[in-house]
Amino acid sequence: MAERDVPNLTGIPETMLLTLHNRAAEAKRPDGILRDADCVRIYDAIPYDFERSFGKAQAAHAIRAVETDRVLRQWLATHPDGFIVSLGDGLETQALRLDNGRLRWLSVDLPEAMAIRERFLPPTERLRHLPASALDRAWMDAVDASQGVFIVAQGLFMYFEEEQVRRLVVDIAERFPGAELLFDTIPRWTSQMSLAGQHRTRAYRVPPMPWGINLDEVVPTLKGWHPRVAHVSKVPYRFPRGAQRAVLNTFNRLPWFRHRTPGIIHVRLAEAPVPVTA
């Protein structure tokens with residue numbers, strides 16, 4: 001890859017390099033929670049000053065990847081030929097970590113992001129690519145729902161307006177009854193900081209993240225969006241080591257604090273609308 005190709009990314013597409021930075025650093029650690037040789041391969045091949053842009057790597061994106069892997073492996077145990085859609089897939093190598101030789105995987109991302117992905121992760125007959133926005137419903141036409149559908153959106157929904165997220169969830173529920181959905185959220189205060197112009201480092205400004213939601217708001221919000229939302233589980237980020245583990249994992253047990261932290265949300269959609277009970 002020519003060096004000029006990567007720094008041209010800006011805004012939301014550039015976050016694919018941030019998440020790669022954090023996952024690769026964790027995968028390189030002897031005590032890391034993520035084992036991913038392909039992630040390290042891609043990271044080492046890109047001539048980009050990751051630390052200058054993003055600072056010292058953090059474990060949050062590796063935690064998200066490991067938790068998402070866990071949920072998807074459980075689903076694949078009962079849907080080995082299932083169809084997984086990863087919206088905003090970037091340089092995530094989850095499809096390779098989870099490939100059982102039978103699953104179908106559709107990576108969806110903006111054309112400029114997909115062009116970089118395909119330099120390192122060429123599509124195959126089962127692991128396919130679609131260069132498009134997640135908000136372009138054309139990706140739904142590429143899904144074979146006959147063996148079950150699971151839709152993943154890691155590090156994506158917070159970059160949309162709430163109404164865009166609501167409409168997308170509604171359309172997923174209408175188009176794919178019985179499907180499952182996993183995405184992550186940021187709390188309202190994090191959204192507000194990003195809208196005010198938050199800098200991660202001197203060289204990197206965090207893109208605006210309009211949709212923030214506190215964890216205690218997630219269940220009533222999603223159930224209010226569509227009657228097929230049957231079950232919603234919330235998983236807080238639990239850090240593996242160091243000061244973050246000592247401080248944040250303790251604070252996660254305090255109701256006020258834990259509702260104002262990032263979360264990983266797993267949604268199960270019913271085949272038919274869930275009746276409202278008094």
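Rounded to the nearest 0.5 Å, atoms CG (L182) and CG (L87) are 11.5 Å apart. Interatomic distance, CD of E118 versus CZ of F120, reported as 12.0 Å (0.5 Å rounding). Atom CD1 of residue I116 and atom CG of residue D109 lie 10.0 Å apart, to the nearest 0.5 angstrom. For the atom pair OH (Y159) and OG (S194), the distance works out to 8.0 Å, reported to the nearest 0.5 Å. To the nearest 0.5 angstrom, E92 atom CD is 7.0 Å from D36 atom CG. Atom NE2 of H61 sits about 5.5 Å away from atom CG of N22, to the nearest 0.5 Å.
Taken together through direct or relayed side-chain contacts under 4.5 Å among Ile, Leu, Val, Met, Phe, Trp and Tyr, L103 and L121 form part of one hydrophobic cluster. Residues V40 and I46 fall into different hydrophobic clusters, defined by Ile, Leu, Val, Met, Phe, Trp and Tyr side chains chained together at heavy-atom separations under 4.5 Å. Under the 4.5 Å side-chain heavy-atom criterion for Ile, Leu, Val, Met, Phe, Trp and Tyr, L215 and W225 are members of the same hydrophobic cluster. Both Y43 and I63 are part of a single hydrophobic cluster, where members link through side-chain heavy atoms under 4.5 Å apart. Following chains of ILVMFWY side-chain contacts shorter than 4.5 Å, one can reach V165 starting from V219, so the two form part of one hydrophobic cluster.
Using a 4.0 Å cut-off between charged side-chain N and carboxylate O, R35 and D69 make no salt bridge. We find that D89 and R117 are joined by a salt bridge, their nearest charged nitrogen and carboxylate oxygen being less than 4.0 Å apart. A salt bridge links R104 to D144: one of the charged nitrogens lies within less than 4.0 Å of a carboxylate oxygen. Using a 4.0 Å cut-off between a side-chain N of Lys or Arg and a carboxylate O of Asp or Glu, R126 and D99 qualify as a salt bridge. A salt bridge links E217 to R188: one of the charged nitrogens lies within less than 4.0 Å of a carboxylate oxygen.
A donor-acceptor pair is defined here as one N or O able to donate and one able to accept, closer than 3.5 Å; such a pair exists between the side chain of T124 and the backbone of L127.
Between H266 and the choices E180, H231, K234, the side chain to side chain donor-acceptor pair (under 3.5 Å) rule is met once, by E180.
With sequence neighbours excluded, the residues satisfying side-chain contact (heavy atoms from CB on, under 4.5 Å) with E51 are H21, D49. By the side-chain contact (heavy atoms from CB on, under 4.5 Å) test, L135 pairs with S133, R137, F160, Q164, L168, sequence neighbours left out.
For L106 against A142, the heavy-atom pair with the smallest separation is CD2-CB, 3.9 Å. Taking each heavy atom of V149 and F176 in turn, the nearest pair found is CG2-CD2, 4.3 Å. Closest approach of T201 and R52 over heavy atoms only: OG1-O, 3.4 Å. The shortest heavy-atom contact between P13 and E112 is CG-OE2, 3.6 Å. Contact detail for P210 and P208: the closest heavy-atom pair is CD-O, 3.4 Å. Closest approach of E14 and F54 over heavy atoms only: O-CZ, 4.1 Å.
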Open item on the list: Could you walk me through whether N214 and T185 satisfy the side-chain contact (heavy atoms from CB on, under 4.5 Å) test, starting with their C-alpha distance in whole Å, then the side-chain angles of each, then the deciding distance to 0.1 Å, before giving a yes or no?
Closed with: CA-CA 8 Å; N214 294 343; T185 61; over 6 Å; no
Task: Full working for side-chain contact (heavy atoms from CB on, under 4.5 Å) between D141 and W139 - done: CA-CA 5 Å; D141 297 330; W139 67 261; over 6 Å; no
Open item on the list: side-chain contact (heavy atoms from CB on, under 4.5 Å) for L20 and F50? Distances and angles first, verdict last.
Closed with: CA-CA 9 Å; L20 176 69; F50 288 89; 4.2 Å; yes
- [ ] List the steps and the verdict of side-chain contact (heavy atoms from CB on, under 4.5 Å) for V229 and V267.
- [x] CA-CA 7 Å; V229 176; V267 180; 4.0 Å; yes
Open item on the list: If you apply the rule side chain to side chain donor-acceptor pair (under 3.5 Å), what do you find for Q58 with E26, and how did you get there?
Closed with: CA-CA 8 Å; Q58 300 176 359; E26 189 68 21; over 6 Å; no
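For residues 183-202, the pairs satisfying ring pair (Phe, Tyr, Trp, His ring centres under 6.0 Å) are F157-F183, with sequence neighbours left out. For residues 194-207, no residue pair satisfies the salt bridge (charged side-chain N to carboxylate O under 4.0 Å, His left out) rule, not counting sequence neighbours. A salt bridge (charged side-chain N to carboxylate O under 4.0 Å, His left out) check over residues 57-67, counting only residues at least two apart or in different chains, returns the pairs R64-D184, E67-R70. Within the structure, ring pair (Phe, Tyr, Trp, His ring centres under 6.0 Å) pairs that include any residue of residues 72-119 comprise W75-H79, W75-F150 (at least two apart or interchain).
Using a 4.5 Å heavy-atom cutoff, the side chains of M140 and I172 are in contact.
Side-chain atoms of S107 and R128 include no donor-acceptor pair closer than 3.5 Å. When only modelled atom types and interatomic distance are considered, H226 and E174 share a side-chain donor-acceptor pair under 3.5 Å.
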